[in-house]
Amino acid sequence: MPIEFHRREGIFRLETPGTTYLMGLAEDGSLGHVYYGPSVPDNNMGYLMRTGERPLGPWESPRERASFDDVFPFEYPAFGGGDFREPCLRVRDAQGAESCALRYEGHVIRPGKPPLPGLPAAYGGAGECDTLELTLQDPVLKLRVTLSYTVFRDTDAICRSARIENAGGGPVTLTAALSASLELDNEDFDVLTLPGSWARERTIDRRRLSHGPQGAHSLRGISSHQFSPSIILAQHTATQERGLVYGGTLVYSGNFLTQAELDQFERVRVVLGIHPQGFGWRLEPGESFQTPEAVLVCSEEGLGGMSRVFHDFMRRHLIRGQGKHRPSLVNSWESFYFDFNTEKLLDLGRAAAECGIELLVVDDGWFGARDDDNSSLGDWRENTGKLPGGLRRLGEELGAMGVALGIWVEPEMVSKDSDLYRAHPDYAMTIPGREPALARNQLVLDLTRREVRECVYSQISALLRSAPIKYVKWDMNRPLTDVYTPSLPPERQGETAHRYMLGVYELQERLVTDFPDVLLENCSSGGARFDAGMLYYSPQIWTSDNTEAADRLRIQEGAALIFPLSSMGAHVAACPSHINGRVTPFETRGRVSLTGAFGYELDITKLTPAERALIPVQLEEYKKYGPVFREGDYYRLASWAGNGVYDALMSVTKDKSLAVVVFVQVLSRTNCRSLRLRLQGLEGPALYRDTATGEVRSGFGWMRGGLLLGPFTGDFVSKLTVLERVETEK
Ligand code: GLA
C-alpha cells in the first residue's frame with residue numbers, strides 16, 4: 001500500500017515508486033519527521049527522531065518541554081514553545097498571545113486526491129494516487145490542523161498542504177500558515193535557488209548550505225522575476241546525473257517563502273509556503289484556512305533525475321491543458337509594439353499563412369485608446385480606429401487565410417486614464433489617504449472584491465464570445481503595492497494579498513471552464529509569475545521578455561530545473577535583439593525556441609528571403625520534434641552558464657525511440673578540436689541512427705562514447721542532432 005499507519009511503531013509510511021517518507025509519533029503525541037529519501041522497507045525507523053538521546057549539557061533535560069522542542073524534528077512546526085527555528089504555524093489568540101502545541105488527533109487514508117477549494121492543486125483519481133489526512137490539534141486553542149499528503153503511483157512527487165480550523169469558541173489570527181516543512185540531516189548540501197530580475201529570470205544560484213536561513217522569497221504579490229517559489233537541496237557532489245537531491249516547489253503565485261535553515265545541531269529545516277510577512281488570517285469559530293500546496297521530490301539521480309520527476313508530475317497531475325494543441329504563432333509585440341492597425345496585422349497574417357504559422361497574437365494596444373502604456377487598461381473594447389470591424393472582422397479575415405486569432409489582455413490592471421477608472425476609481429487597490437504607487441503607469445484592481453472581478457470578467461468573456469479568438473495571453477505587469485481593501489475590516493487586512501491571488505485564480509478558473517477551446521498563456525512582464533500555480537490554468541507561460549537566444553538558453557535552463565519544457569513560451573525574435581543588441585543566426589534562434597512552446601516575435605514580412613525560407617523548415621522541425629521536447633524526458637548535457645562556451649540539452653521520447661539534441665556553441669573557441677558530448681537517456685543495448693550522418697551506434701555507444709561536434713568557427717552556431725532507434729545497423 002502506498003500509505004500505511006504502523007500502529008505498533010507509531011509510524012506513518014508514504015511510498016512512491018522510488019522514495020519513502022516516514023513520520024512518527026512521539027510519546028506526547030507530537031508528530032515528527034522521521035525519514036524522506038530513497039526507498040527503505042523498514043518501519044522501525046522512529047529512532048531517527050532521536051527522542052531518547054540525552055543532551056550533553058547538564059542543565060538540559062529531555063523531559064523538559066523547551067529542551068524537547070528545541071531539537072525535535074516537528075513535521076509541522078508551530079511557534080511559541082521551545083522550537084526557535086522557522087515555524088510553519090503561528091497563531092495569535094484573543095488575548096494577543098502566540099503559542100501553539102500540536103498533538104496527534106487522528107487520520108484517514110483515502111484513494112484519490114480531493115481538490116483544494118479555490119486553489120490550484122494537483123489532481124489524481126482513485127487508482128492513481130492516495131491521500132493521507134493527518135489531524136493534529138492544540139487542546140488549549142482548540143485549533144485543528146489537518147496535514148494532507150498525496151502520493152502518486154506513477155511519479156516520485158509528494159504533495160502536501162495544511163488546513164487549519166478554529167474549533168474553539170473565540171477568534172484567532174494565523175500570523176504564519178505555511179504549506180510544508182522538512183527536517184533533514186545535513187548531508188553536505190548545497191542550496192539551489194533561481195534568482196533573477198526582469199529579462200534575466202531564473203539564474204541558477206548554487207551555494208553551500210550554511211548556518212541560518214537561506215532561500216527564496218517574494219513580497220511583491222506575485223511569485224516574481226526575483227525568485228522562483230522553489231528550493232533545492234543537493235549534495236555538494238551531486239551532478240545532473242548522480243547524487244541525492246531534494247526539490248520543493250509551491251503551487252502558488254503570490255508572496256512566498258521557500259527557505260532552508262541549518263541549525264545548531266547541523267540539521268536542516270526546509271519550509272515552503274505563503275510568506276508570513278504582511279500575512280494575517282483571522283479565523284472566527286468554525287472557520288478554516290487552506291494553505292497552498294507544496295510539491296516535494298527526492299531523487300538519487302542528481303538534478304536531472306529531480307527535474308524529470310517534476311516534469312512528469314506537472315504534465316500528468318497538474319497542468320490541465322497539457323494535451324492541448326500548441327500552435328506555432330507570431331506575436332505582434334516585438335513586431336509592431338503599439339503601432340499597428342488591421343492592415344498591418346493582415347499583412348503579418350498573410351506572411352504567416354504563407355509560411356505555415358498557425359496563429360497570430362494581437363498583443364498590447366488593440367483596445368481603448370491605447371497607443372502607449374499610459375492609458376486604457378480596464379477598457380476591454382476594441383479600438384475601432386485601429387481595427388475597423390473590431391476583432392471579429394480581423395479574426396474572420398485571418399481565419400479565411402487559415403490563421404487563428406489570439407489576443408493579449410491584462411485583466412488585473414487599470415490605467416488612471418481609462419473609462420473604468422473614471423467610473424470606479426475605488427476599484428483600484430489603494431490605501432485611503434495615500435497616493436498609490438504607480439508602476440508602468442498603472443494600478444492594480446482590487447480583485448478581492450466580487451464586483452470588481454465581475455466587472456473584469458464580464459468584459460473579457462463578452463470579448464471572447466464576440467470574435468473567433470483561440471488564444472489568450474493573460475499578462476500582469478506590475479507588483480502589488482498599497483495592499484489594502486475596503487472590503488475587509490482592519491483586523492483582516494493581512495488577508496488581502498492572498499485573497500487577491502484567490503481572486504485571480506477564480507477568474508482564470510472561470511475562463512478555462514467557460515472557454516475550454518481557448519489556449520491560455522500566462523505572462524507577467526515576461527516570467528514574473530512562472531510557477532506551478534499558473535500552470536494549473538495555462539499549460540504555457542511566457543518565459544521572459546528576453547527573447548535573445550543566448551540569454552534564453554540560460555533562462556530556459558533555470559526554469560527547466562523544475563518546470564517542463566512544454567510550459568515555456570519561446571519565440572524567435574528580431575536581430576539585433578531588442579533586449580540586448582546581440583546578433584545571433586536565425587537558425588540558432590529557431591533551435592532555442594524549438595524546445596519550448598514555439599513562435600515568432602518579429603515582423604516576418606521584414607525578413608530576408610533566406611531567413612523567411614527557414615520558417616517552413618523550423619515549423620517542420622517543430623511539428624516533428626516539438627512533441628519530443630514537450631512530452632519526453634529532458635536531459636541537460638552542458639550549460640554555457642557553467643562552461644562559458646557551449647550549451648546542450650536533449651529530450652528522449654518515453655518509449656526511447658527518438659532523441660533530439662540541441663547544441664549551441666555560444667562563444668567560439670580559437671584553435672580548438674571537436675567537442676565530445678556524452679548523451680543520456682537512451683536504451684543502452686538498442687541501436688540508434690543519426691538521421692543526418694547515417695551513423696549507427698548502440699545507446700551505450702552514444703552515451704559512453706558520445707557525439708563529436710565541430711570544431712565550429714563563429715559565435716552562436718547551433719546544431720540539431722536527431723537519433724532514431726533502428727533494428728539493424730543498415
Ligand atoms: C509585458 C509582456 C510582453 C508584452 C508587453 C505588452 O511586458 O511580457 O510580452 O505583452 O507586456 O505591454
Side-chain angles (χ1 to χ4, degrees), residues 196-202 220-226 253 329-340 344-345 348 359-380 382-383 386 391 405-415 417-418 438-445 460 469 471-479 504 519-531 534 538 540-548 551-552 555-556 559 567-574 577-580 589 593 596-603:
S197 183
W198 173 77
R200 44 185 172 77
E201 297 90 339
R202 287 171 288 285
R220 294 169 187 261
I222 45 180
S223 49
S224 87
H225 299 104
Q226 284 71 16
S253 318
L329 60 84
V330 58
N331 181 299
S332 70
W333 182 239
E334 289 185 38
S335 316
F336 308 134
Y337 295 100
F338 293 101
D339 182 18
F340 60 78
K344 271 179 142 177
L345 292 170
L348 188 63
L359 187 134
L360 185 149
V361 183
V362 185
D363 207 283
D364 197 351
W366 57 264
F367 52 92
R370 190 150 161 110
D371 288 322
D372 53 35
D373 57 12
N374 294 322
S375 83
S376 304
L377 295 172
D379 299 344
W380 301 110
E382 297 98 323
N383 177 338
K386 280 186 184 178
L391 290 169
L405 171 66
I407 56 161
W408 175 97
V409 286
E410 198 177 357
E412 300 165 58
M413 296 294 152
V414 64
S415 307
D417 181 6
S418 67
L438 285 170
R440 214 186 181 211
N441 208 13
Q442 63 200 49
L443 296 172
V444 183
L445 287 171
I460 304 283
I469 295 166
Y471 161 108
V472 170
K473 176 176 170 189
W474 178 304
D475 208 342
M476 196 292 184
N477 276 325
R478 59 156 292 173
V504 173
L519 175 65
L520 182 64
E521 175 157 348
N522 266 289
C523 173
S524 180
S525 305
R529 236 171 21 187
F530 202 109
D531 56 65
M534 287 285 115
S538 69
Q540 56 196 60
I541 301 178
W542 185 226
T543 316
S544 175
D545 277 348
N546 189 339
T547 46
E548 187 279 307
D551 278 7
R552 256 311 176 100
I555 294 169
Q556 292 173 194
S567 64
M568 295 180 215
H571 299 173
V572 175
S577 159
H578 295 186
I579 215 93
N580 64 11
R589 283 176 265 155
S593 302
F598 186 80
Y600 294 88
E601 188 89 16
L602 78 175
D603 184 354

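Computed from a predicted structure; not experimentally measured. Read the numbers this way: they start at 1 and go in the same order the structure lists the ligands and their atoms.
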- Query: With a cut-off of 4.0 Å, which atoms of ligand 1 are near a heavy atom of Gly526?
  - Reply: 8 (O)
- Message: I'd like to know if Arg200 and Asp551 make a salt bridge, using a cut-off of under 4.0 Å between side-chain N and carboxylate O.
- Response: no
- Message: Counting only heavy atoms closer than 4.0 Å, does ligand 1 sit against the backbone of Lys473, its side chain, both, or neither?
- Response: side chain
- Distance, nearest 0.5 Å, that separates CE of Met568 from CZ of Arg552: 9.0 Å
- Looking at Asp363, which atoms of ligand 1 are within less than 4.0 Å of one of its heavy atoms? 4 (C), 6 (C), 10 (O)
- Without hydrogens or angle criteria, can the side chains of Asp379 and Ser376 be said to hold a donor-acceptor pair below 3.5 Å? no
- Task: State whether the shortest distance between N or O atoms of Asn477 and N or O atoms of ligand 1 falls below 3.5 angstrom.
- Result: yes
- Message: Heavy-atom pairs closer than 4.0 Å: do any link ligand 1 to the side chain of Asp475, the backbone, both, or neither?
- Response: side chain
- Do me a favour and list the nearest non-hydrogen protein atom to atom 5 (C) of ligand 1 with residue, atom name and distance? Trp333 CE2, 3.6 Å
- Message: Just to check, does Arg440 reach to within less than 4.0 Å of ligand 1 when the distance is taken from its heavy atoms?
- Response: yes
- Does Arg370 CZ have over 12 foreign heavy atoms under 6.0 Å away? yes
- Are the charged groups of Asp603 and Lys344 less than 4.0 angstrom apart, N to O? no
- Task: For Asp364, take its heavy atoms, then give the atoms of ligand 1 lying under 4.0 Å from any of them.
- Result: 6 (C), 12 (O)
- Starting at CH2 of Trp542, measure out to CD of Glu201 and round the result to the nearest 0.5 Å. 10.0 Å
- Under 4.0 Å to a heavy atom of Asp545 - the qualifying atoms of ligand 1, by number: 1 (C), 2 (C), 3 (C), 7 (O), 8 (O), 9 (O)
- Message: Out of all atoms in ligand 1, which are within 4.0 Å of some heavy atom of Cys523? Include the element for each.
- Response: 2 (C), 8 (O)
- Query: Taking it one step at a time, do Trp333 and Phe338 satisfy ring-ring contact (aromatic ring centres under 6.0 Å, His included)?
  - Reply: CA-CA 8 Å; Trp333 182 239; Phe338 293 101; 5.3 Å; yes
